[in-house]
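Letters A, B, ... are given to chains in the order of the sequence lines, protein chains preceding strands, and every chain is numbered from 1.
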2 protein chains.
Amino acid sequence: MTIEERLRSRGLRVTDIRRDVLHLLQESDRALSQADVERALPDLADRVTLFRVLHNFEEAGLVHRVIDPQGTSRYATCAPTCSADHHHDMHAHFRCTACDGVFCVTGLEQPAAVVPKGFTVHEVRIELVGRCATCG
Amino acid sequence: MTIEERLRSRGLRVTDIRRDVLHLLQESDRALSQADVERALPDLADRVTLFRVLHNFEEAGLVHRVIDPQGTSRYATCAPTCSADHHHDMHAHFRCTACDGVFCVTGLEQPAAVVPKGFTVHEVRIELVGRCATCG
DNA sequence: ATAATATTTGCAACCGTGTTGCATGAATGA
DNA sequence: TCATTCATGCAACACGGTTGCAAATATTAT
């Protein structure tokens, strides 16, 4: 599926900005912050526009968002089968302490959660912290 | 151990602000943001001072910090045996989708992590998401 | 108790991310 | 091609986080 088809399939109009940003996210092996996108594609668009584009992508289920340890949002493309509602419970994230890169990890089984009486668990989020292949 | 002893044992001087803030965190059953502390103890201190007090507590290993889904920091008292370095890998956090409260959960076993070749996992962070006992 | 020292506090000011409103320009469908 | 709907840029603001510096306070030594 081309990038344009991907955008249209989620009801988003095709524009230069959206095409370039989605392409960048697709090529990246890690989750990018808005600042990362601005650095990679300087002068492509106003920062408000970028904010809205990333926001649109997330709402449309094209990307998922993860909060990094500094509290800023990072975005990464979803698997093609992702939808906006339940794409988050399909994988965990790995964060490298050296380069601060965030990677997706699939195939992780969820541990049985033991919570106090009266608590209900709907979702288990897992973050792996360590060093990536590049940083050794 | 009294609050004052607790502060001194970590090399922190005892002041009204530190005593009140640590007491508040100790009494709370959930992790509090700086804004929460300001609301609970209005006019106790300047917001910069509060920021530094919470920062000191974390460095001293008196509290641990967790980033909530909005990307803001929340603080909760550690078990007395916690140190600044390894207090984070002793428990998971539970977040209530209704009241946004963050609670500590202990006794959770860590899942075996499957990561790509070349990756090294040093730590596994787990966040449970659901409804707390109060919110049903 | 007092003075000397080290730390804490408040203030002003700044940065980055996130966010809204509004006017303008561009993509789509008829 | 025209009308409509949506995307974009700009200005402006909210908020959390952060630093530097001078004044106030806690600790230590006299």
Residues from residues 17-28 of chain B sitting under 4.0 Å of DNA chain C, heavy atoms only?
-> I17(B), R18(B)
Does T15(A) make a side-chain N or O approach to OP1 or OP2 of dA27(C) shorter than 4.0 Å?
-> no
Does H55(B) offer a backbone N or O that forms a donor-acceptor pair with the side chain of E58(B) under 3.5 Å?
-> no
Cluster question for you: counting only ILVMFWY and a side-chain heavy-atom cut-off of under 4.5 Å, with indirect links fine, are L50(B) and L12(B) together?
-> yes
Mind listing the N/O atom pairs, protein and nucleotides 28-30 of chain D, below 3.5 Å?
none

Between N or O atoms, less than 3.5 Å apart, protein on one side and nucleotides 20-23 of chain C on the other: list the pairs.
residue, atom, partner, partner atom, Å
dG21(C), O6, R52(A), NH2, 3.0

Starting at CD of E38(B) and ending at C1' of dT9(C), how long is that distance when rounded to a whole Å?
-> 15 Å
Listed once per pair and sorted, the salt bridge (Lys or Arg N to Asp or Glu O under 4.0 Å) pairs that draw on residues 47-56 of chain A, sequence neighbours left out | none
Spacing between L54(A) atom CG and dT19(C) atom P, to the nearest angstrom = 12 Å
Side-chain donor/acceptor of R74(A) to backbone N/O of L32(A), under 3.5 Å = no
Verify side chain to side chain contact (heavy atoms under 4.5 Å, CB included) between S73(B) and I67(B), making sure each step is shown before the conclusion.
-> CA-CA 5 Å; S73(B) 297; I67(B) 308 282; 3.9 Å; yes
Axial bend angle, the helix from dA1(C)-dT30(D) to dA30(C)-dT1(D): five-pair end segments, nearest 10° = 30°
Under 4.0 Å: is that the gap between some side-chain N or O of S73(A) and OP1 or OP2 of dG18(C)?
-> yes
Closer to the 5' end of DNA chain D via nearest nucleotide, is it G11(A) or Q70(A)?
-> G11(A)
Are the side chain of R18(A) and the backbone of R13(A) linked by a donor-acceptor contact shorter than 3.5 Å?
-> yes
Classify the side chain of R47(B) versus the base of dG10(C) as yes if they form a donor-acceptor pair under 3.5 Å and no if they do not.
-> no
Among all residues two or more places apart in sequence or in another chain, which pass the ring pair (Phe, Tyr, Trp, His ring centres under 6.0 Å) test with H23(A)?
-> none
L54(A) pairs by side-chain contact (heavy atoms from CB on, under 4.5 Å) with which of L25(A), L62(A), V63(A), L22(A)?
-> L25(A)
Contact under 4.0 Å: T72(B) side-chain N or O vs dG16(D) OP1/OP2 = no
Just how far, in rounded Å, is P of dT19(D) from CG of N56(B)?
-> 13 Å
May I have the distance from R65(A) (atom CZ) to dT17(C) (atom P), rounded to whole angstrom?
-> 14 Å
Between the main-chain N or O of L24(B) and the side-chain N or O of E27(B), is there a donor-acceptor pair closer than 3.5 Å?
-> no
